[in-house]
Amino acid sequence: MDLIARLRAGLPGEAILTDPDITGSYANDMASFCEAGTPAVVVLPRTVEQVQHIMRTATELRVPVVPQGARTGLSGAANASDGCLVLSLVKMDRIIEINPVDRIAVVEPGVINAVLSRAVNAHGLYYPPDPSSWEQCSIGGNIGTASGGLCCVKYGVTAEYVLGLDVVLADGRLLTTGRRTAKGVAGYDLTRLFVGSEGSLGIVVRAVLALKPEPPGQLALAAEFPSTAAACEAVCEIMARGHAPALLELMDRTSIRAVNAMAQMGLPDSTEALLLAAFDTPEPAADLAAVGALCTAAGATEVVPAETAAESDLLLQARRLALTALEQVKSATMIDDVCVPRSRLAEMLDGTAAIAEKYGLTIGVCAHAGDGNTHPTVCFDAADPDEARRARASFDDIMALGLQLGGTITGEHGVGVLKKEWLARELGPVGLELQRGIKDVFDPLGILNPGKLF
């Protein structure tokens, strides 16, 4: 029996897509420079039992399976391979439970991040992970790539909010990991193992997520600096003095000028770096005043604290527009995701500027400065082969710089196709051997998202 016939034995007809014009639209996520193949079929299950049937079929017929969420990823982790079965989880989008006493939410993988956030807000609760694509990205994809966001400096990344998972394994068995309780240390932490595994170990079909009480509204501050070194010194002082900002973001000169060109924000051309801080504490104005004084001491030329939520939104607008503005500089962009120790942040930004000069490219950097996670964005003309080559070379140089500074090749976007060569360099031969061994335990036939990570 062929693949499609076997799938139809356990799935409704509308859950199976075979038209090449349609299946081709599921071939890739949003990453540049990542190869994508042609899927044989796309399936859109709605139940755990349907996912189990799909995986049993794939195992019996030795068909590779590429799990997908909303495909907003930036590493090629959701890219199809030739002849694969694309397993799209977007139809599994139920919020099963919100429990204010236990402070948990139980959700299916296709739930959109923003939808969950608003739903728990209605109960006076808060789900902190907030990737920039939160209005489009799914919880399953966030778990698969261990996503972060603007608030990570205070609240942490997705991995810190996943308490338990239901996972369909490669052979169709259903595994339950973790817990619903506030504490629990029974056995190996398989839940954490699945977070960030990019669909290479199993298919997440349900997640138990930790929630926090909804914080007070935040107030923000913007500080302009004459150099990235001065702005990074302010970041180090803010963190060393024990402050806990809900947001601490940095934009370099290239990003600032791109935003000015697009939105006429009116930031001075002399501004080399813009630091944005926000607090959601009971007395945010006092925290802003303390941080503002540290910025001034570090050399800020102007410090503007907000007094209202509306003013805060205006101050943060430049950061929200940065990627869109950089996308208008050239026809294509590559967004890097290198994380370094906070103490090396200035070296990372200065080194990236040197790389841009070396290759004759525009590279703008926005950073989650509070946790050292930089997003150098390489702007290039995709139709110019030489410029595209230089863009890819600069991207690699940036990752090499991050490792040289004691950092990691990805803080929140994942490895996928784009960075698997660099993952091997970061892990080293022993680490790589052990990780491949773990993959073999969960997926002995190698059918789950082949060609990703390793």
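These numbers come from the heavy atoms of this one structure, side chains and all, not from hydrogens, waters or symmetry mates. These numbers come from a predicted model, not from an experiment.
Across every non-hydrogen atom of Val329 and Ala258, the tightest pair is CG2-CB, 4.2 Å. Closest approach of Phe225 to Ala234, counting heavy atoms only: CZ-CB, 3.7 Å. Across all their heavy atoms, Leu74 and Met30 have their closest contact at CD2-O, 3.9 Å. Annotation for Ala78 and Val66: closest pair O-CG1, 3.6 Å, computed over non-hydrogen atoms. Shown here for Ala220 and Leu315, the closest heavy-atom pair between the two residues is O-CD1, 3.7 Å. Closest approach of Ile143 and Ala207 over heavy atoms only: CD1-CB, 3.7 Å.
For Phe395 and Phe33, the ring centers are positioned 6.0 Å apart or more. Ring centers of Phe380 and Tyr359: at least 6.0 Å apart, outside the cut-off.
Side chain of Tyr161 to main chain of Lys212: no donor-acceptor pair is present (N/O by atom type, distance under 3.5 Å, no hydrogens or angles). Remark: side-chain polar atoms of Ser32 are not paired, donor with acceptor, to backbone N or O of Met334 under 3.5 angstrom. The backbone N or O of Glu327 sits nowhere less than 3.5 Å from a side-chain atom of Thr333 that would complete a donor-acceptor pair. Thr158 contributes a side-chain N or O that, together with a main-chain N or O of Ser147, makes up a donor-acceptor pair within less than 3.5 Å. For the pair Glu426 (side chain) and Ile409 (backbone), a donor-acceptor distance under 3.5 Å is present. Checking side-chain atoms of Asn260 against main-chain N and O of Leu267 turns up a donor-acceptor pair under 3.5 Å. Within the 3.5 Å criterion, the main-chain N or O of Thr181 finds no donor-acceptor partner in the side chain of Asp102. Using a distance-only test at 3.5 Å, with no hydrogens or angles considered, a donor-acceptor pair links the side chain of Asp337 to the main chain of Glu412. In this structure, the side chain of Glu108 engages the main chain of Arg94 through a donor-acceptor pair within 3.5 Å. At least one donor-acceptor pair under 3.5 Å links the side chain of Lys439 to the backbone N or O of Leu448.
Contact of the Phe194 side chain with the Leu175 side chain is registered, since non-hydrogen atoms from C-beta on lie closer than 4.5 Å. Counting heavy atoms from C-beta outward, Leu418 and Arg392 have side chains that approach closer than 4.5 Å. Looking at heavy atoms from C-beta onward, Arg319 lies out of side-chain contact with Leu274 at the 4.5 angstrom threshold. Annotation: side chain of Pro213 is in contact with side chain of Arg103 (closest heavy-atom distance under 4.5 Å). Under the 4.5 Å side-chain criterion, counting only non-hydrogen atoms from C-beta, Asp386 is in contact with Arg389. Between Gln328 and Thr324, the closest side-chain pair of non-hydrogen atoms falls below 4.5 Å. Taking 4.5 Å as the limit, some side-chain heavy atom of Asn142 sits within range of a side-chain heavy atom of Asn113. The shortest distance between side-chain heavy atoms of Asp336 and Thr374 does not fall below 4.5 Å.
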request  = Would you please test Val120 and Glu214 for side chain to side chain contact (heavy atoms under 4.5 Å, CB included) and show each step?
outcome  = CA-CA 9 Å; Val120 302; Glu214 188 172 13; over 6 Å; no

query = Would Phe279 and Val291 satisfy side chain to side chain contact (heavy atoms under 4.5 Å, CB included), going step by step from the backbone distance to the final call?
reply = CA-CA 10 Å; Phe279 286 86; Val291 165; 3.5 Å; yes

request  = Using the side chain to side chain contact (heavy atoms under 4.5 Å, CB included) rule, take Thr254 and Thr377 through it: C-alpha gap first, then chi angles, then the decisive distance, then the call.
outcome  = CA-CA 10 Å; Thr254 301; Thr377 301; over 6 Å; no

Residues Asn449, Ser200; criterion side chain to side chain donor-acceptor pair (under 3.5 Å); working and verdict = CA-CA 5 Å; Asn449 217 5; Ser200 65; over 6 Å; no

request  = Tell me, with the steps shown, if Glu387 and Lys330 meet salt bridge (Lys or Arg N to Asp or Glu O under 4.0 Å).
outcome  = CA-CA 11 Å; Glu387 193 162 311; Lys330 289 278 187 172; 3.3 Å; yes

ask   = Hey, mind stepping through Leu209 and Val162 against side chain to side chain contact (heavy atoms under 4.5 Å, CB included) and telling me if it holds?
value = CA-CA 5 Å; Leu209 305 174; Val162 182; 4.0 Å; yes

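With rounding to the nearest 0.5 Å, the separation of CG in Leu250 from CG in Asn373 is 12.5 Å. The CD atom of Glu97 sits 10.5 Å away from the CZ atom of Arg206 when rounded to the nearest 0.5 Å. Atom CZ of Arg192 sits about 13.0 Å away from atom CG of Leu190, to the nearest 0.5 Å. Distance OG/Ser394 to CD1/Ile363: 4.0 Å, rounded to 0.5 Å. With rounding to the nearest 0.5 Å, the separation of CG in Leu221 from OG in Ser312 is 9.5 Å. Here Ile112 contributes atom CD1 and Gln136 contributes atom CD; the two are 8.0 Å apart, rounded to the nearest 0.5 Å.
Other residues, nucleotides and ligands contribute at most 12 non-hydrogen atoms within 6.0 Å of the CD atom of Glu283. Within 6.0 Å of CD on Glu135 lie more than 12 heavy atoms contributed by other residues, nucleotides or ligands. Around the CE atom of Met262, the shell of radius 6.0 Å holds more than 12 heavy atoms that belong to other residues, nucleotides or ligands.
A salt bridge does not link Glu198 to Lys420: none of the charged side-chain nitrogens sits closer than 4.0 Å to a carboxylate oxygen. One finds no salt bridge joining Arg390 and Asp397 here, because no Lys/Arg side-chain nitrogen approaches an Asp/Glu carboxylate oxygen to under 4.0 Å.
Across Leu247, Leu150, Val153, a single residue satisfies side-chain contact (heavy atoms from CB on, under 4.5 Å) together with His368, and that is Leu150.
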